[in-house]
Structure formats: C-alpha cells, structure tokens
There are 2 protein chains.
Amino acid sequence: MIEDKNSLSGLPTVRRLPMYLHLLKELNSQGREFVSSTHIGEKLGLDSVQVRKDLASTGIVGKPKIGFYVPALIGAIESYLGWDNSKDAFLIGVGSLGSALLGYAGFEKRGLNIIAAFDNDPDKVGKIIRGVEVLSLDKLPDLAERMNIHLGILTVPGEYAQVTADVMVLAGIRGIWNFTQTYLQVPESVFVQDEDLAAGLAVLSVRLARALNQE
Amino acid sequence: MIEDKNSLSGLPTVRRLPMYLHLLKELNSQGREFVSSTHIGEKLGLDSVQVRKDLASTGIVGKPKIGFYVPALIGAIESYLGWDNSKDAFLIGVGSLGSALLGYAGFEKRGLNIIAAFDNDPDKVGKIIRGVEVLSLDKLPDLAERMNIHLGILTVPGEYAQVTADVMVLAGIRGIWNFTQTYLQVPESVFVQDEDLAAGLAVLSVRLARALNQE
DNA sequence: TAGATTGTTAATCGATTAACAATC
DNA sequence: TAGATTGTTAATCGATTAACAATC
C-alpha cells in the first residue's frame with residue numbers, strides 16, 4: 001500500500017490530540033474519573049461532535065450517559081501518538097532556538113529524547129548545553145548509523161538548511177523536524193515536518209490588523 | 001459587519017505567504033526580475049494554480065507569458081501581511097522559550113518589535129536579555145496603556161497561562177500569541193493565536209511511526 | 001422509565017485541484 | 001502568429017457540522 005507522503009488526511013485531528021491530552025491529565029490529577037465530550041468541548045472551545053470523532057480515531061469507546069473513563073482516554077491518546085514509546089533524536093544547529101529546544105521539558109514526557117546536538121561552530125563543539133553534548137557536524141553520519149537514529153531536529157540558519165538536510169538524509173535520517181524557513185528537497189523516503197514560526201506570525205499580523213481596523 | 005473570531009477562511013493561504021516571501025527575497029537578491037507561478041511551485045512543492053490563487057489574494061497581477069515582477073510581488077505580500085508596518089509587542093514569561101524568542105531576528109524584519117519583557121521572578125526582573133529589559137509583571141497594565149500596546153506574546157509556564165492572560169486582557173491587550181499548552185478563555189474582542197509545539201510533535205510522531213513500520 | 005450521552009450517517013462548508021478561456 | 005503563462009469557473013476532496021438512532 002503506497003501512501004502519499006503529502007497526505008494530510010487526519011492531520012487536523014492529530015494536531016488536536018495533544019490539547020485533549022493536556023486537559024485530561026489535568027482532570028486526572030484532580031481525581032476526576034469520567035468526562036463527557038460536551039465537557040471537553042466547553043473547556044477547549046470545540047464542538048462536542050468533533051471531540052467524539054477525534055477521540056474515536058484513537059480507538060477509545062465511551063459509555064452513553066457516563067462519558068469516557070479518563071485514565072483509559074489518556075492511555076489511548078498516548079498510545080495512538082506513540083508518546084508512550086521512547087524515540088531518540090539528534091538536534092542540529094545550536095543557536096538560540098536550538099538551545100531553547102534542548103531545554104524544552106515537554107519533549108521528554110512525549111517520548112522524544114534528544115541524545116546529542118551538532119554544530120559547526122568550534123566555540124560550541126565540546127560544550128554541554130542543558131545536559132546535551134554538542135558535537136561536530138562531521139560526526140553525525142557515523143553516530144546516526146551506530147546509534148540507529150532516524151529523527152533530526154533542524155535548527156540551523158536558513159542558508160545552511162538544505163546542505164545540512166542532505167547530510168542528514170545520507171546519514172539515514174528518515175524524518176526531519178524543520179524549524180528553518182527553507183523548503184527542503186528530500187527523497188520520497190524521507191518526510192519533513194515544517195514548523196514555521198513565520199506562518200503563525202502571518203496569521204497573527206492579518207488578524208491583528210483586522211481587529212484594530214474594524215472596531 | 002460581525003466577523004466570527006474563529007473564522008479560518010483564507011488562513012491556509014496566509015500561512016503560505018511567508019514561504020513565498022522567503023523564496024522571492026532570495027530570487028531578488030540573485031537579481032532575478034520575473035518569476036512564474038510554475039517556478040515558485042516547483043521550488044516550494046506546490047501546485048502552480050495554488051500559487052497563483054495565493055498570490056492573487058494579495059492583489060498582485062501577473063503578466064501572461066512573463067510571470068510576476070519579483071520586487072512588486074515582495075511588496076504586495078509584505079503589505080498584505082502588514083510586515084511593512086511596525087507593531088509593538090510585549091513578551092510575558094522569560095523562561096527558555098521566551099528568552100529564545102527575544103533573540104529571534106526574524107521578528108524585526110517582519111515588523112514585530114518586542115519592546116519589553118515581563119516576569120514574576122525577582123531574579124530576572126531588572127536584567128536585560130538580548131537587549132530587552134525584563135520588568136515586573138505588576139507594571140504591565142500601566143505600561144500597556146501608556147505605550148498603547150495591543151499585542152502580547154505569552155510564554156509563561158502553562159499553569160499561569162490563564163491568570164496571566166486575564167491580566168493582559170484587563171490591560172487592553174487585543175491579541176495574544178499563545179505559546180503555552182493552555183486553551184485560553186478570553187472575551188470575544190480579544191483573539192488568541194495558538195502556537196503549539198506539541199501539535200507539530202504529534203504529527204511528527206504519527207508520521208514517523210508510519211514511516212518506520214510500513215517499510 | 002426517562003434522559004443524557006455516545007456513535008454514525010447525511011449535509012454543509014471551505015480549500016484544493018482540474019479545465020479552459022484570455023492575453024501578451 | 002504560436003505558445004507560455006495568467007486568471008477564472010467548475011469539479012473534487014476532505015473536514016466540520018447537523019441530524020438522529022442506539023444505549024446505558
């Protein structure tokens with residue numbers, strides 16, 4: 001079965017699942033056992049039908065009149081997202097954004113372990129930033145193979161994005177979380193997940209302009 | 001005319017505009033005068049029809065057989081996004097992500113100026129981080145009014161997100177760029193732009209699992 | 001039982017893609 | 001002129017929302 005690598009089907013749902021998870025963990029820590037889709041929807045500004053459809057995609061089944069058992073729901077979402085399994089990753093480019101991501105506590109609790117960082121700057125190589133050692137980019141191919149790493153977080157300056165991605169692909173990286181502005185050309189076997197701050201800023205800019213002009 | 005604040009119409013286009021802009025500036029610096037939608041599409045992995053439709057939303061008009069005049073296109077996109085006008089903003093929460101954003105050079109060239117940062121931690125108040133002074137959160141309401149600030153970047157820990165947002169709204173902030181995981185309850189007159197790293201990580205996780213399992 | 005809630009099927013909505021006329 | 005390219009109108013596709021039967 002061939003899957004279009006640009007297929008976005010189901011992705012809006014996948015993007016909402018972390019919101020549910022966040023709320024459910026809060027409810028769980030408050031000792032709440034059951035929750036209805038109506039309640040979740042109210043808390044997150046979503047329609048209850050959409051909540052039920054999203055949750056159904058994880059395979060969970062609720063009980064009429066009662067709702068969903070919170071611990072089971074948490075487990076189902078984490079399992080669906082694979083956040084109950086550990087995934088090792090490299091981070092490439094230890095600038096300000098890269099450094100911030102190295103210290104982001106949210107990765108670990110979602111199964112993502114950054115086990116090494118890489119940079120070309122001799123001033124940075126050898127340092128330990130937020131508990132992660134910074135290595136020379138030369139060492140990436142060898143290490144990726146030996147440690148069986150398939151995932152890379154790309155935070156280099158835009159002008160080096162493509163050449164760095166080429167190195168990563170050759171080293172066997174199969175997924176690139178791309179924080180640069182550059183559109184990466186990669187083989188079909190590799191997927192790129194773009195995380196573009198500028199896209200959010202664009203929406204923000206347009207909406208702010210509308211809000212300030214219209215009222 | 002009442003506008004639904006949750007309206008997403010046109011937003012996919014708005015989110016793609018920064019990509020075009022990035023490419024066009026590169027072409028411009030290479031001295032290229034004209035570019036076709038086909039060429040843009042090839043460089044960015046998009047269909048040429050979609051490129052034309054996206055560009056048309058900015059009001060630009062191309063020339064059959066020739067394409068679009070690059071400098072005019074750059075100007076049209078920047079104007080449509082309002083990136084040619086300066087917008088002042090506050091940043092609230094000077095943790096690792098907040099600090100990284102303070103140093104993000106991409107904001108300035110898109111018309112976003114962070115003119116002050118706020119935090120409740122006495123160790124941080126009074127410091128200057130990446131050229132921006134960190135002030136006590138107490139001072140936000142007074143300063144927002146005096147300086148006529150309507151935009152806030154929220155990077156506090158999740159558990160303080162709602163109370164901090166409440167303070168911001170009372171202070172007259174009209175737009176909140178929300179980097180926390182918390183869904184914010186705000187009045188209709190305020191818009192929230194969520195920027196959720198976990199959403200991207202969720203998509204990445206699901207796609208990586210598929211890629212590694214299926215082949 | 002009655003009513004709240006789930007889960008499914010159908011309708012709507014918006015965005016993308018296809019087809020094609022207009023134009024330099 | 002011929003052909004490449006734009007811009008528009010129609011068709012398709014996927015996601016959201018509405019309607020409603022099933023169930024505890």
Side-chain angles (χ1 to χ4, degrees), chain A residues 3-17 19-20 23-24 27 32-70 72-73 76-77 80 194 199 202-203 206-207, chain B residues 2-17 19-20 24 27 32-70 72-73 76-77 80 194 199 202-203 206-207:
Chain A
E3 180 175 355
D4 176 6
K5 83 168 174 165
N6 287 320
S7 164
L8 294 177
S9 75
L11 285 196
T13 291
V14 172
R15 293 186 69 88
R16 281 189 296 267
L17 291 177
M19 290 175 50
Y20 298 129
L23 173 65
L24 290 164
L27 294 174
R32 181 151 180 164
E33 276 199 290
F34 289 91
V35 66
S36 72
S37 58
T38 314
H39 182 84
I40 294 175
E42 275 169 12
K43 287 284 181 187
L44 300 180
L46 298 171
D47 191 84
S48 71
V49 180
Q50 180 153 81
V51 173
R52 286 201 292 284
K53 266 214 166 142
D54 286 344
L55 298 182
S57 71
T58 69
I60 196 82
V61 178
K63 286 183 191 170
K65 181 148 179 172
I66 294 178
F68 298 84
Y69 183 50
V70 173
L73 200 38
I77 295 175
Y80 183 80
D194 289 307
V203 176
V206 169
R207 292 173 72 192
Chain B
I2 295 174
E3 181 175 353
D4 176 6
K5 82 167 175 164
N6 287 321
S7 165
L8 294 177
S9 76
L11 286 196
T13 291
V14 172
R15 293 186 68 88
R16 281 188 296 267
L17 290 178
M19 288 175 51
Y20 298 129
L24 290 164
L27 294 173
R32 180 152 181 162
E33 276 198 289
F34 289 91
V35 65
S36 72
S37 57
T38 315
H39 182 84
I40 294 176
E42 275 169 12
K43 286 283 181 187
L44 301 180
L46 298 171
D47 190 85
S48 71
V49 181
Q50 179 153 82
V51 174
R52 287 201 293 283
K53 266 216 165 141
D54 286 346
L55 298 183
S57 70
T58 69
I60 196 81
V61 178
K63 287 183 190 170
K65 181 149 179 172
I66 295 178
F68 297 85
Y69 183 51
V70 174
L73 200 39
I77 295 175
Y80 183 79
D194 290 306
V203 177
V206 169
R207 292 173 72 195

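Every chain is numbered from 1, with letters handed out A, B, ... down the list of sequences.
- Atoms CD (B/Glu42) and P (D/dA4) sit 14 Å apart, rounded to a whole Å.
- The nearest whole Å value for the distance from the CZ atom in A/Phe34 to the P atom in C/dA4 is 19 Å.
- Annotation: ring pair (Phe, Tyr, Trp, His ring centres under 6.0 Å) contacts involving residues 36-70 of chain B, sequence neighbours excluded, comprise B/Phe34-B/Tyr69.
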Symbol by symbol from the 5' end, with Watson-Crick or G-U pairs under 3.5 Å, [ ] crossing and | another strand, DNA chain C is ..||||||||||||||||||||||

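- Using a 4.5 Å cut-off on side-chain heavy atoms (C-beta onward), B/Val70 and B/Leu73 make no contact.
- Under the side chain to side chain donor-acceptor pair (under 3.5 Å) criterion, B/Asp54 pairs with B/Thr13, B/Arg16, B/Tyr20, sequence neighbours left out.
- For D/dA15, neither phosphate oxygen OP1 nor OP2 lies less than 4.0 angstrom from any side-chain nitrogen or oxygen of A/Arg16.
- The structure places OG of B/Ser36 at 13.0 Å from NZ of B/Lys65, a figure rounded to the nearest 0.5 Å.
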Side-chain donor/acceptor pairs under 3.5 Å, residues 40-50 of chain B, sequence neighbours excluded:
residue, atom, partner, partner atom, Å
B/Asp47, OD2, B/Val49, N, 3.0

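- Of the candidate nucleotides D/dA4, C/dT6, C/dT16, D/dA4 has the atom lying nearest to any side-chain atom of B/Lys65.
- Of all the heavy atoms in B/Arg52 and B/Ser37, the pair that sits closest is NH1-OG, 2.9 Å.
- When rounded to the nearest whole Å, the span between CG of A/Leu11 and C1' of D/dC13 equals 15 Å.
- A/Asp47 has its CG atom 17 Å from the P atom of D/dA15, to the nearest Å.
- When the P atom of D/dG7 is taken as reference, atom CD1 of B/Ile40 falls 11 Å away, rounded to whole Å.
- Taking only side-chain atoms of B/Ser37, from C-beta outward, the nucleotide of C/dG7, D/dA4, D/dT6 with the closest atom is D/dT6.
- Between A/Leu17 atom CG and D/dA15 atom P there is a gap of 13 Å when expressed in whole angstrom units.
- Annotation: side chain to side chain contact (heavy atoms under 4.5 Å, CB included) contacts of B/Thr58 (sequence neighbours excluded): B/Leu17, B/Ile60, B/Ala76, B/Ile77, B/Tyr80.
- B/Leu46 places its CG atom 9 Å from the P atom of C/dT16, with the value rounded to the nearest Å.
- Residues from residues 48-64 of chain A placing a heavy atom under 4.0 Å of any atom in DNA chain D, listed by number, are A/Val49, A/Gln50, A/Lys53, A/Pro64.
- Taking all atoms of both residues into account, the shortest heavy-atom contact from A/Pro64 to A/Gly62 is CD-O, 3.9 Å.
- In this structure, the CG atom of A/Leu44 is 14 Å from the P atom of D/dT16, given to the nearest Å.
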